[in-house]
S.K.: 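Shown below is the structure under consideration.
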Amino acid sequence: MKMHLFFTFVDILEKRRCSSDLGHALRTYSPSPYEGAPSCSTADLNKAVLESQYLRYVTKETGSSGEDVRQEVCRILEEMSQNLQLGSIRLMAYTLTKVLKRLFTGIFVNMEGLNMLQQAIQESPVILMPNHRSYVDFLVISYILFTYDIPLPVIAAGIPLAGMKMVGEILRRSGAFFIRRAIGSDKLYWAVLSEYVKTIVRKGCAPLEFYVEGLRSRTLKSLMPKLGMMHMVLEPYFKGEVYDITLVPISISYDRVLEESLLAHELLGIPKPKESTTGLLKATKVLQEDYGNMHVNFGRPMSVRRLCQGKINRCQYNLIPRDLPQKPSAETQACVSGLANLMVRIQEEGSLISPWSLMACLLLQAPTTVLTQEGLLWHQLTEKTLWLRKLALDFGAHLNWPGQVPDLDVMSSTVTLHRSVVHLKAGRVYLVREEEPVRKHPISPELDVIRTAAAVLMLASYRNQSLHVFVRPCHARSDELFAFFWFLRDIFSNEFIFIPGKSSQDFEEACFLLNKCGAVDISEQEVIVSDARLEVLSFLQALLQPFIHSYQVMFRYLCEDGGNVFTEKQVLPAVRNRATKLILSGELHTYEALSSDTQKNGLSALQRLKTVTKLRE
Amino acid sequence: MPKYTKPPSHLQEILKWNGWGYSDTRFLFNKKGQAEFTGKRYRLSGMIIPALQNWFEGTFGASVQHKSPAMPILTSSAVQPPTLNEAFVDELKSTGIPCSHDAEDRVFRGHGHCLHEVFALREGKVGRVPDIVVWPNCHNDVVKIVELACKHNVCLIPYGGGTSVSSALECPPEETRCIVSLDTSQMNRILWIDEKNLTAHVEAGIVGQELERLLNESGYCTGHEPDSMEFSSLGGWVATRASGMKKNIYGNIEDLVVHVKMVTPQGVIEKGCQCPRMSTGPDIHHFIMGSEGTLGVVTEVTMKIRPMPEYQKYGSVVFPNFEQGVACLREVAKQRCAPASIRLMDNEQFKFGHALKPQVSSIFTSFLDGLKKFYITKFKGFDPDRLCVATLLFEGDREKVLQHEKQVYDIAAKFGGLAAGEDNGQRGYMLTFVIAYLRDLGMDYYVIGESFETSVPWDRVLDICRNVKARIIQECKDKGVQFSPLSTCRVTQTYDAGACVYFYFAFNYRGLSDPVHVYEQVEHAAREEILANGGSLSHHHGVGKLRKEWMRETISDVGMGMLKSVKNYVDPKNIFGNRNLI
């Protein structure tokens, strides 16, 4: 058992290592569901959706014949619907025990959070909102809930998973329901999906689990929340169809992410392999490696009713049938977006920062050539890491730093765990680059840049795990006043999570934290940099530098070479080329400018600020 | 001081001054701890109710050992001396219309039956009350009184049966003029019955049970039976837009009224004929109905009457759960085959009803009860913690009643409903009349409570019931109420487009320093919840002063303006100054 400030984390694998996996899978499972109601069957659920008044309205709008639409709805439901079955859960539990034990040293779960969840599930429909950092997340929540006798969730999943032979069906039977990727303007599909989700919430058949970030974060940094699903989930409360809904933010933190190298390559424009069963089997080589610990932090259950107090006038639905398809009001949209961002912020706050993430922050601040060639002095890195640990604690981060082990041992075992990214030799730390097959000709400088970039981006991902701790103070750095803070916050609001409409609070928080760690003195009117603690400010500045430089590359390209009209498909490789050239010529120092994620975020920011507009084809 | 004369008959003498109903009728826990209902007026009177104590203690965490008794008598010193407008009083005296400024008479007419009103009386606390009570004997007396009131600028508050639950009878504390309570109780005659058109012309002070009794003597009835009909008056029904239990056959007050006469500061308002329907601009009756005493005094009403029904039959249906019950009521409304009355109680109220069963006289009855219970819970598999019951009342000629009964039971069966006998049905309706007495019992033992109502579209009935009940429980918890409250509801009326829902809520207030304030906060929150769930501000209790704050959002700015401009024209000096409604 480990203590982290307020949390008591328990390693759920510990018991599995000393008792029978089969016994666990076959354990008596009798959770107490919401309102004591028996869970509704797949068939009941689908029928309720099919016969809903809402779909009848939508059918009329489409103008096609009722029977055609009905058949189409049935097809969609067949593709979408989950088919949660206890038998499959047992199978899943058995398999997962085997896999998880092999992958992880421990899976730590906070018991207070679980206890509160157990209580909450009996009182109102519960929405489980984990962050999504790895495919491993997918069934881990179900696995934990199964172990602790809590009703199993139905889980929103991307349709590619459904296409996997066998696996798709197993997931479906473990509670997954599948959502197409680009739904676009397919009104009927939207309607079926939203009615499906709303029915689950309304009936409280099972807790609903979905990723508010929409997809797996390729950068391990929180993504701007997607609002579609959030709308569907909250609407039953807005319309009075349920008394309340409970949101449970869940933060999953990994010491080491299985997909680390895949992700970095994806960011460099090398497509991810399609989800397939054979692909999964091939990937079994990842099972040979050690991935350290996984932390699953169940957040405090939050009442939507309380969160929405004063933000939503529920009377707005009094004058029209509640089933009538309608655009949400501006007030509703603002409320939903606020809640979605809040959830991601809480996920961030609840995640545990590993020593490795702190080290990654610092490693990235060294010039890349130092990391690849002469190496960074180990003692310099360790000293700085200990300094950063204190700063992170000052900023309120939850650290996952083992207490009983000497600090130096913690850091060196961390480096060992991450030998795929760095290695320690003769008191110096080096960046590990992918080994190239032996060739006759030396590889081109461009390819070499990609090699380095892949390693840098992996490192950047781990830095990103703790970015949220520093991001507010980063923006308020040095002598910049609120206006500058506001500007940066605005530019980067696709990059980092800020709750809309809370900029003053964020600014206050930033000033407070900087003041707390002694970096600045705040008087009535002024913020004065204290010379003694320039260290903090220069660290923060350097932390943000890669993003600023990357955005600059992007913006400069658009101004100079982009022309007036361009497509996203053209821009990304073009910007990447330009960045590669700049790196080679020594003008640009950050390899992160090569990341497609950063580029996309920059483009979205410009769009949001109306500097760039999207034309419809 | 001028001399006053009181009228001969005084309902006040047989009613409680600080609680509900007749002085001789009350619930109490006897020395053995068993509940008893005293008096001789009701079917339940004189009986022992063995299960009530257990239910009461179990539901509220209360104890029959912990009493919170009321002040037995009113001390006159608690009542402020009257503010008299001498010139008005002198002229009034010269008309010979009876009046009084006795403390008791004034206090009796200074309140309705909201919880805070009764709670204060039990503690012997009296706020602003009317300064004089007058008892006009007929329409012309009222005309004279209103003329004098205008001449001398005194404030008039009409008083009928005193059963208001909207703070409508409370004297506005900011009123500095002399306040005159105009008690219509002496205007209680049926002036004529028109058998050709089936109408009766009645003075507005008559109370419901008297009106029915007198009409029954001639073989007629109005069929208008609000739960308060023992005490509430015809004028009060018109002024608040009352609704009767049997509205499915007879209609609500707006359907029953053919002609109304109202005395206002501008003169008398009435229509020039007694026609069944007219297309003559907005119906002026709708300025009168629901005016809550802000425009004038209703003095005479022509009402529809019906021959007394040949046959009446009670009935009841048990449903596995409330959802099924509501679905059944909705279907009954859809098929437009609702019996005279159909009401659906939720599970908590079903249990409450059971706790009120009197001691059974024979082993056979108790054996039958046991058998019924076994059949429903064990054989039919109904969960005793989920099942709910609908009570029914059929009226008409025998053959049609039986036919109608079958139709309704057939529909019920489709929703899993099982016929549960006449007895349960009848007891359900009897409870309506004794439930107000139970509140007084609660208040003797640290339990306070109240009921309130709303109307709501069909598709929202279940949602509003669940959400309002849950809100009450949550608010009580948040406000520091130590024991979980009783929070229950029933659907009491069905319409084509929706239903009327009644909520009951009560809690044990031990440990709270200001229980009435807590109570009011919870009720306020519950009303907000009702409105947020698409319910109305009131189905039939009216707005009074208790619900005024929500009027604007209920009827829009323009609507408020329209009401205000009518008020300004009819009563520019605010003679009818009870400040209800707007």
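Atoms considered below: every heavy atom in the structure, side chains included; atoms not considered: hydrogens, waters and symmetry mates. In this text the structure is predicted, and so the values were computed from the model without any measurement. Letters A, B, ... are given to chains in the order of the sequence lines, protein chains preceding strands, and every chain is numbered from 1.
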S.K.: Within a 6.0 Å radius of atom NE2 on B:H286, are there more than 12 heavy atoms belonging to other residues, nucleotides or ligands?
M.R.: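 Atom NE2 in B:H286 is packed in, count exceeds 12.
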S.K.: If you count the non-hydrogen atoms of other residues, nucleotides and ligands that lie under 6.0 Å from NZ in B:K479, is the total more than 12?
M.R.: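 Atom NZ in B:K479 is crowded, with more than 12 foreign heavy atoms closer than 6.0 Å.
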S.K.: Would you say that A:Y243 contacts B:K469 through its side chain, given a criterion of any heavy-atom pair below 4.5 Å between the two side chains?
M.R.: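 Side chain of A:Y243 against side chain of B:K469, heavy atoms only: no contact under 4.5 Å found.
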S.K.: Counting only heavy atoms not in A:L319, do more than 12 fall under 6.0 Å of its CG?
M.R.: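 Atom CG in A:L319 is not packed in, count stays at 12 or less.
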S.K.: Strictly below 4.0 Å, N to O, side chains only: are A:R305 and B:E529 in salt-bridge contact?
M.R.: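 Yes, this pair counts.
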S.K.: Might you point out which heavy atoms bring B:N467 and A:V242 nearest each other, and give the distance in Å?
M.R.: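 So the minimum-distance heavy-atom pair works out to OD1-C, 3.6 Å.
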S.K.: What's the separation between atom OG in A:S303 and atom CD in B:Q474, rounded to the nearest 0.5 Å?
M.R.: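 Here the interatomic distance stands at 6.5 Å.
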S.K.: Testing the basics here: between B:A532 and A:C315, what is the closest heavy-atom pair and its distance to 0.1 Å?
M.R.: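 Looks like CA-SG, 3.8 Å.
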S.K.: Would you say that B:L531 contacts A:R314 through its side chain, given a criterion of any heavy-atom pair below 4.5 Å between the two side chains?
M.R.: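 No, their side chains stay 4.5 Å or more apart.
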S.K.: Determine whether a donor-acceptor pair (N or O, by modelled atom type, separation under 3.5 Å) exists between the side chain of B:R466 and the backbone of A:E241.
M.R.: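 Indeed, once roles are kept as given, a pair shorter than 3.5 Å links the two residues.
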S.K.: Does atom CZ of A:R56 have more than 12 heavy-atom neighbours, drawn from other residues, nucleotides or ligands, at distances under 6.0 Å?
M.R.: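 Check passes, neighbour count above 12.
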S.K.: Under a 4.0 Å threshold between the charged nitrogen and the carboxylate oxygen, would B:D463 count as salt-bridged to A:R322?
M.R.: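 Yes.
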S.K.: To the nearest 0.5 Å, how far apart are CZ in B:R460 and CG in A:N318?
M.R.: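 CG of A:N318 is found 5.0 Å from CZ of B:R460.
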S.K.: Atom CE of residue position B:M562 - does it have more than 12 heavy atoms of other residues, nucleotides or ligands inside 6.0 Å?
M.R.: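 No, because the 6.0 Å sphere around CE of B:M562 holds 12 heavy atoms or fewer from other groups.
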S.K.: Output the option from B:D459, B:L462, B:V468 having the highest count of non-hydrogen pairs under 4.5 Å with chain A.
M.R.: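 Top count of heavy-atom pairs under 4.5 Å with chain A: B:D459.
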S.K.: By a 4.5 Å heavy-atom criterion (distance strictly below it), what part of B:D478 contacts chain A: side chain, backbone, both, or neither?
M.R.: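 Side chain only.
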